[in-house]
Amino acid sequence: MTKVVCPGSFDPVTNGHLDIIERSARLFDEVVVAVLVNQNKQGLFTIPERLDLLDRATAHLPNVTTDSFTGLLVDFCTTHEVDAIVKGLRAVTDFDYELQMAQMNGSLTEVDTVFIPTSPEYSFLASSLVKEVAKHGGDVSALIPGFVNDELTRKYA
Ligand code: ADP
């Protein structure tokens, strides 16, 4: 049994995230999508709201569960007996940072990191950009699940 974690802010979940989660669910036995609780950054959606949207977005994937964590990801991995961390890579800029993180996490514990390349249609997609466009009334409905779009519209109403 291989258990992996897909960590992130998911503020809110996008189709780019879902692509990585769905592909992880095909590759590994168990996938935990873990929302990082960042005490220094409030975000647009609360942690329970992000988890609720993730639960709804992954309801069709029986081997995917959601959770949240504070502190070090490697500690979450140890506590939950996670075998590997899965990260999506969009661009070279992602790679620089993610390689450094992967090596740091690897030096702290035995946990390895697996990179999954973004699907080309999502390579420009980030939650921050989706929020920026939605905030100014732009149409992001093709980039996020319908119910996420509804909640986003409500937030900026
Ligand atoms: P964002 O940059 O959208 O705020 P997060 O911090 O929530 O994303 O990232 C969680 C994980 O999802 C990271 O591994 C990130 O690289 C990955 N990810 C986010 N958007 C995409 C995308 N469009 N394609 C592939 N991976 C992505």
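Because the structure is a prediction, the values reported are computed rather than measured. We're numbering straight along the sequence, starting at 1. Whatever order the structure lists ligands and atoms in, that order sets their numbers, starting from 1.
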Interatomic distance, C6 atom SG to I116 atom CD1 [nearest 0.5 angstrom]: 7.0 Å
For I85, the option from D112, N105, V4 that meets side chain to side chain contact (heavy atoms under 4.5 Å, CB included): N105
Protein contact of atom 23 (N) of ligand 1 - nearest heavy atom, named by residue and atom, plus distance: Y122 O, 2.7 Å
Element-labelled atoms of ligand 1 that are located less than 4.0 Å from some non-hydrogen atom of P7: 10 (C), 11 (C)
Minimum-distance pair of heavy atoms, taken over all atoms of D11 and G43: OD2-CA, 3.3 Å
Shortest heavy-atom approach to atom 1 (P) of ligand 1 - which of S123, S127, S119, S128: S127
Atom of D83, atom of V111 and distance for their closest heavy-atom approach: O-CG2, 3.7 Å
Protein contact to atom 21 (C) of ligand 1 [nearest heavy atom, distance to 0.1 Å]: R90 CD, 3.6 Å
Closest approach of any protein heavy atom to atom 13 (C) of ligand 1, naming residue and atom: K87 CE, 3.8 Å
Where ligand 1 meets F10 - atom numbers and elements under 4.0 angstrom, heavy-atom basis: 7 (O)
Heavy-atom side-chain proximity of S9 to N38 below 4.5 angstrom: no
N63 side chain vs D29 backbone, donor-acceptor pair below 3.5 Å: yes
Which atom of E49 lies closest to which atom of L44, heavy atoms considered: OE1-O, 4.4 Å
Atom indices of ligand 1, in the order listed, that fall short of 4.0 Å to a heavy atom of G8: 7 (O), 10 (C)
Protein contact of atom 6 (O) of ligand 1 - nearest heavy atom, named by residue and atom, plus distance: S9 N, 3.6 Å
Identity and distance of the protein heavy atom lying nearest atom 24 (N) of ligand 1: T118 OG1, 2.9 Å
Sub-4.5 Å side-chain heavy-atom contact between F124 and L143: yes
Residue selection (non-hydrogen contact nearest atom 14 (O) of ligand 1) among A34, C6, G88: G88
Subset of ligand 1 atoms that lie under 4.0 Å from at least one heavy atom of L125: 20 (N), 21 (C), 22 (C), 23 (N)
Proximity flag I20 to ligand 1, non-hydrogen atoms under 4.0 Å: yes
Nearest neighbour in protein (non-hydrogen) for atom 9 (O) of ligand 1: H17 NE2, 3.7 Å
Minimum side-chain heavy-atom gap L53-E151 below 4.5 Å: yes
